[in-house]
**Q** 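Quick one: the structure is below, questions incoming.
None of the values given here were measured: they were computed from a predicted structure.
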Amino acid sequence: MLVSLLPLLGQDTEVPLTHPLDGATSVPYANLDYAASAPALAAVADAVDRALPLYASVHRGAGYLSQVSTALYEQSRQAVAAFVGARRDDVAIITRNTTDALNLLAGCVPEGAQVLVLDIEHHANLLPWQRHGADVLTAKETVTATLNALTSALATRNYRLVAITGASNVTGESLPVAEVVQVAHAAGARVVVDAAQLAPHRLFSLAETGADYVALSGHKLYAPYGAGALVGRRDWLDEGTPYLAGGGAVSDVQVRHTTWEPAPQRHEAGSPNVIGALALGVACTQVAQVADRLARHDTVLRDHLVTGLEAIDGVQVLRLWPDAAEPVAVVSFTLPGHDAGLVAAYLSAEHGVGVRDGRFCAHPLLAAHGVSAGLRASIGLGTTTEHLDRLLRGLRDYLAHGPRAEYEVVAGRWQPVDDQRALPQALALLQDLHAAAGAPSVLATAAAGGACLPAEDAVQDASAAADAVQGASAAEAAEAAPVAGP
């Protein structure tokens with residue numbers, strides 16, 4: 001059994017292969033896609049299971065379970081705030097994810113305020129500011145040069161906010177947050193840190209760095225229950241336009257006038273995701289407890305991976321800066337002349353390795369490095385050296401011999417032709433549950449690319465879906481319609 005720093009759900013999952021590997025037709029899944037979304041901590045899932053029977057609507061409820069759920073929700077808010085080193089007067093707002101949090105903050109930036117963002121950001125930390133009319137600073141060839149360029153840019157215009165990543169979702173690298181804060185504050189600007197990739201790997205403190213705001217996602221922090229957070233200075237959040245207009249965000253409503261609550265309630269209209277907040281709070285507490293060991297785990301495994309990749313002729317590791325200090329365990333690379341999507345499909349089908357391929361929601365960054373699509377291996381709590389060695393072996397075999405299976409593009413994704421791998425029992429069960437309710441099957445929906453089809457259309461598309469859903473039984477394939485990626 002795999003033993004990780006913290007127990008994870010599914011960490012012993014076996015996945016089938018299209019062709020035997022060292023005589024085995026299935027292998028433990030080598031999840032190297034933590035940067036996209038992380039599995040739930042066992043402690044998180046246990047806390048959710050124990051809390052669900054106590055669930056009720058929070059705030060303003062006199063009932064016993066409402067009081068219990070309110071306490072759980074507010075304790076979770078405090079746990080998140082403590083995790084990011086919030087100052088006494090900071091406010092923590094429960095959101096859906098990092099994207100949600102940064103869009104919320106964008107709506108609270110004072111009218112007319114100028115924002116500065118770098119071109120290396122994930123779209124979640126670029127598009128909200130692009131909509132706000134932000135200036136985009138081109139990252140330079142080194143960390144030092146980029147900091148100098150940032151300092152110069154801040155001297156040319158009265159910026160009120162600088163948006164930076166805490167760790168690149170492409171390379172794991174970052175600018176030193178405390179130094180960015182120092183130069184930004186000297187110029188009268190605040191700093192928001194996108195910690196979606198930082199928080200699962202390193203402790204971060206608003207108080208210690210001086211940063212003004214931080215955003216993070218539960219689904220990347222081993223709490224995939226639909227909650228994230230924005231934590232930071234209260235004034236803009238107290239005065240900003242309420243993120244959603246609705247109940248719970250107001251103190252008084254009249255026909256022609258509304259009095260809004262201050263943050264956090266101001267931006268949490270409607271029934272909040274109590275279970276998601278609980279999961280996020282537990283994950284924060286759990287990860288904080290192993291932070292030092294986690295940092296060592298990341299460093300050792302990242303070094304092992306990068307060394308192995310660099311030893312393979314035909315693989316190029318992507319980097320932003322040669323002088324970046326302590327990057328987190330997110331590594332992207334290319335195989336020039338080879339389709340990244342095909343390589344990723346091959347690694348999954350023939351080696352049981354899950355990596356990410358494409359442009360990683362960081363199109364400007366990849367374009368600046370002349371990369372149309374890459375591959376990304378990201379390390380997490382459950383990663384082992386065997387997982388990394390299996391990836392490296394798969395890449396060597398691919399470059400030396402090519403794939404053993406035949407592949408074709410189905411709904412925009414490479415898939416093995418005549419794939420005979422069996423469906424997981426849980427997916428088959430879910431399909432049965434949907435079919436019993438008269439809904440199109442999960443497989444049918446996937447084969448259709450996620451479209452919401454009328455029942456008759458789903459039936460008509462079943463035969464086409466069968467070609468995309470290999471390994472299903474004849475009865476399952478007859479129900480199936482198209483499967484979309486995440």
**Q** Side chains of Leu5 and His297: closer than 4.5 Å at any heavy-atom pair?
**A**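 The answer is yes, as the side chains (C-beta and beyond) meet within the 4.5 Å cut-off.
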
**Q** Do Glu179 and Leu147 come within less than 4.5 Å of each other through their side chains, counting heavy atoms only?
**A**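 Of all side-chain heavy-atom pairs linking Leu147 with Glu179, at least one is under 4.5 Å.
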
**Q** Supply the atom-to-atom distance Leu221 CG to Thr98 OG1, rounded to the nearest 0.5 angstrom.
**A**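 Going from the CG atom of Leu221 to the OG1 atom of Thr98 covers 9.5 Å.
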
**Q** Spell out, as yes or no, whether a donor-acceptor pair under 3.5 Å connects the side chain of Ser69 to the backbone of Leu54.
**A**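 Yes; judged by distance alone, with no hydrogens or angles, the pair exists.
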
**Q** Would the distance check show the side chain of Lys220 and the main-chain N or O of Ala35 forming a donor-acceptor pair, the cut-off being under 3.5 Å?
**A**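 Side chain of Lys220 to backbone of Ala35: a pair is present.
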
**Q** Please tell me if the side chains of Ser168 and Gln197 come closer than 4.5 Å, counting only heavy atoms from C-beta onward.
**A**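 Counting from C-beta outward, Ser168 and Gln197 never come under 4.5 Å.
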
**Q** So does Asp238 pair up with Arg266, basic N to acidic O under 4.0 Å?
**A**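 Salt bridge between Asp238 and Arg266, a charged N being under 4.0 Å from a carboxylate O: no.
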
**Q** Report the C-alpha separation of Leu41 and Leu8 in whole Å, then their side-chain angles, then the decisive distance to 0.1 Å, and conclude whether the side-chain contact (heavy atoms from CB on, under 4.5 Å) test is met.
**A** CA-CA 4 Å; Leu41 288 172; Leu8 300 169; 3.5 Å; yes

**Q** Might you work through the side chain to side chain donor-acceptor pair (under 3.5 Å) test for Tyr243 and Asp100, ending with a clear yes or no?
**A** CA-CA 10 Å; Tyr243 191 49; Asp100 199 43; 2.7 Å; yes

**Q** Could you give me the CA-CA distance, side-chain angles and deciding distance for Asp298 and Arg202, then say whether salt bridge (charged side-chain N to carboxylate O under 4.0 Å, His left out) is met?
**A** CA-CA 9 Å; Asp298 276 5; Arg202 301 283 192 277; 3.5 Å; yes

**Q** Is a donor from one side chain sitting under 3.5 angstrom from an acceptor on the other, for Thr385 and His304?
**A**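 Thr385 vs His304: no donor-acceptor pair found between side chains.
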
**Q** Around atom CD of Glu326, are there more than 12 heavy atoms from other residues, nucleotides or ligands closer than 6.0 Å?
**A**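 No, CD of Glu326 has 12 or fewer neighbouring heavy atoms, counting only those of other groups under 6.0 Å.
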
**Q** Is any NZ, NE, NH1 or NH2 atom of the basic residue among Arg60 and Glu261 found under 4.0 Å from an Asp or Glu carboxylate oxygen of the other?
**A**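 No, this pair does not count.
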
**Q** Return yes when atom CG of Asp252 has more than 12 non-hydrogen atoms of other residues, nucleotides or ligands closer than 6.0 Å, and no otherwise.
**A**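 Correct, the count exceeds 12.
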
**Q** Could you check whether any side-chain heavy atom of Val330 comes within less than 4.5 Å of a side-chain heavy atom of Val170, counting everything from C-beta outward?
**A**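 In short, these two side chains do not touch, never coming nearer than 4.5 Å.
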
**Q** Just so I know, are the side chains of Phe204 and Val177 near enough to count as touching, which here means a heavy-atom distance under 4.5 Å?
**A**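 Side-chain contact under 4.5 Å: yes.
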
**Q** Any donor-acceptor pair under 3.5 Å linking the side chain of Thr95 with the backbone of Asn97?
**A**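 Yes; judged by distance alone, with no hydrogens or angles, the pair exists.
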
**Q** Do the charged groups of Arg87 and Asp212 touch, with an N to O distance under 4.0 Å?
**A**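 Salt bridge flag = no for Asp212 with Arg87.
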
**Q** If we only count heavy atoms from C-beta on, is the Val282 to Gln286 side-chain gap below 4.5 Å?
**A**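 Result yes, sub-4.5 Å side-chain heavy-atom pair found.
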
**Q** Mind telling me whether His59 and Tyr73 have parallel, tilted or perpendicular rings, with 30° and 60° as the class edges?
**A**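 Plane angle over 60°, so perpendicular.
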
**Q** Please check if atom CD in Glu208 has more than 12 non-hydrogen atoms from other residues, nucleotides or ligands closer than 6.0 Å.
**A**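 Result for CD/Glu208: open.
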
**Q** Does CZ in Arg131 sit with more than 12 non-hydrogen atoms of other residues, nucleotides or ligands closer than 6.0 Å?
**A**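 Not more than 12 within 6.0 Å, no.
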
**Q** How far does CG of Leu126 sit from NE2 of His363, to the nearest 0.5 angstrom?
**A**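 One finds 10.5 Å between CG of Leu126 and NE2 of His363.
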
**Q** Are side-chain heavy atoms of Leu137 and Val162 found at a separation under 4.5 Å?
**A**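 They are not in contact (no side-chain heavy atoms under 4.5 Å apart), so the answer is no.
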
**Q** Does Tyr34 use its side chain to pair, donor to acceptor, with the backbone of Gly382 at less than 3.5 Å?
**A**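 Yes.
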
**Q** Could you pull out the closest heavy-atom pair between Leu388 and Leu32, with the gap in Å?
**A**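 Scanning both residues, the minimum pair turns out to be CD2-CD2, 3.8 Å.
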
**Q** Taking His267 for the side chain and Leu237 for the main chain, is one N or O donor matched with an acceptor at less than 3.5 Å?
**A**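 Yes; at least one donor-acceptor contact below 3.5 Å.
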
**Q** Test Arg302 against Glu173 for salt bridge (charged side-chain N to carboxylate O under 4.0 Å, His left out), laying out the working first.
**A** CA-CA 12 Å; Arg302 179 192 165 90; Glu173 298 166 301; 5.5 Å; no

**Q** Assess whether side-chain contact (heavy atoms from CB on, under 4.5 Å) is satisfied between Asp135 and Arg157, documenting all intermediate values.
**A** CA-CA 10 Å; Asp135 290 342; Arg157 195 169 185 183; 2.6 Å; yes

**Q** Return the minimal non-hydrogen interatomic distance between Ala124 and Thr99, and the atom names on each side.
**A**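 The answer is CB-OG1, 3.3 Å.
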
**Q** Between Phe333 and Leu309, which heavy-atom pair has the shortest distance, and what is it?
**A**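 In terms of heavy atoms, the two residues are closest at CD2-CD1, 3.8 Å.
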
**Q** Taking all heavy atoms of Asp119 and all of Ala139, pick out the closest pair and write down the distance.
**A**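 Answer, listing the atom of Asp119 first, then Ala139: OD1-N, 3.0 Å.
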
**Q** Ignoring hydrogens, what is the shortest heavy-atom contact between Ser76 and Leu278? Give both atom names and the distance.
**A**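 Closest approach of Ser76 to Leu278: OG-CA, 3.2 Å.
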
**Q** Working note: Leu206 + Asp90, criterion side-chain contact (heavy atoms from CB on, under 4.5 Å); need CA distance, chi angles, decisive distance, verdict.
**A** CA-CA 9 Å; Leu206 285 166; Asp90 284 336; 3.7 Å; yes

**Q** Please report the interatomic distance CG(Leu150) to CG(Leu118), rounded to the nearest 0.5 Å.
**A**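 CG of Leu118 is found 6.5 Å from CG of Leu150.
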
**Q** Assess the side chains of Asp12 and Tyr29: does a donor N or O sit below 3.5 Å from an acceptor N or O?
**A**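 No.
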
**Q** Taking only residues two or more places apart in sequence, or in another chain, which ones meet Asn31 in a side-chain hydrogen bond (donor to acceptor under 3.5 Å, both in side chains)?
**A**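 side-chain hydrogen bond (donor to acceptor under 3.5 Å, both in side chains) list for Asn31, sorted by chain: empty.
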
**Q** Report, as yes or no, whether the 6.0 Å neighbourhood of atom CD on Gln182 holds more than 12 heavy atoms from other residues, nucleotides or ligands.
**A**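 Incorrect, the count does not exceed 12.
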
**Q** Consider only side-chain N and O atoms of Arg160 and Gln114, and report whether a donor and an acceptor are under 3.5 Å apart.
**A**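 Looking only at side-chain atoms, Gln114 and Arg160 do not form any donor-acceptor pair under 3.5 Å.
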
**Q** What I want to find out is whether Arg50 reaches Asp46 closely enough, with some N-O distance under 4.0 Å, to be called a salt bridge.
**A**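 Looking at Arg50 and Asp46, the cut-off is met.
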
**Q** Does Ala62 offer a backbone N or O that forms a donor-acceptor pair with the side chain of Ser66 under 3.5 Å?
**A**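 Answer holds: no.
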
**Q** Is it the case that the side chain of Thr209 and the backbone of Ser205 share a donor-acceptor pair, with hydrogens and angles ignored and the cut-off at 3.5 Å?
**A**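 Pair found, side chain donor or acceptor close to backbone of Ser205.
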
**Q** If we check side chain to side chain contact (heavy atoms under 4.5 Å, CB included) with His122, which of these qualifies: Leu102, Leu365, Thr165, Asp194?
**A**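 Exactly one pass, corresponding to Asp194.
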
**Q** Using only atom types and a distance under 3.5 Å, with no angle test, would you say the side chain of His387 pairs donor to acceptor with the backbone of Thr384?
**A**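 Between the backbone of Thr384 and the side chain of His387 there is a qualifying donor-acceptor contact (under 3.5 Å).
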
**Q** For the pair Arg77 and Glu268, find out whether any cationic side-chain nitrogen is under 4.0 Å from an anionic carboxylate oxygen.
**A**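 The answer is yes: the pair qualifies as a salt bridge.
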
**Q** Quick check: closest heavy atoms across Ala51 and Leu72, and the distance to 0.1 Å?
**A**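 Looking at all heavy atoms of both residues, the closest pair is CB-CD1, 4.2 Å.
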
**Q** Quick one about Tyr213 and Arg190 (side-chain donor to acceptor, distance below 3.5 Å, no hydrogens or angles considered), yes or no?
**A**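 Their side chains do contain a donor-acceptor pair, which is all the 3.5 Å distance test asks for.
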
**Q** Just how far is it from atom CG of Leu203 to atom SG of Cys284, taken to the nearest 0.5 Å?
**A**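 So the CG of Leu203 and the SG of Cys284 are separated by 10.0 Å.
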
**Q** Is there a donor-acceptor contact under 3.5 Å linking the side chains of Ser251 and Trp260?
**A**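 On atom types as modelled, these side chains do not qualify, holding no pair under 3.5 Å.
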
**Q** Give the intermediate values and the outcome of side-chain contact (heavy atoms from CB on, under 4.5 Å) for residues Val343 and Asp357.
**A** CA-CA 9 Å; Val343 177; Asp357 68 277; over 6 Å; no

**Q** Quick one: pull up CD in Glu310 and CG in Leu305 and give me the separation to the nearest 0.5 Å.
**A**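 It comes to 9.5 Å.
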
**Q** Is the closest basic N to carboxylate O distance between Arg356 and Asp33 below 4.0 Å?
**A**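 Looking at Asp33 together with Arg356, the answer is yes, because their closest N to O distance falls below 4.0 Å.
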
**Q** Check whether any side-chain heavy atom of Trp321 sits under 4.5 Å from a side-chain heavy atom of Thr171, and report yes or no.
**A**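 A side-chain contact under 4.5 Å is absent here.
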
**Q** What distance separates Gln254 CD from Arg256 CZ, expressed to the nearest 0.5 Å?
**A**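 It comes to 11.5 Å.
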
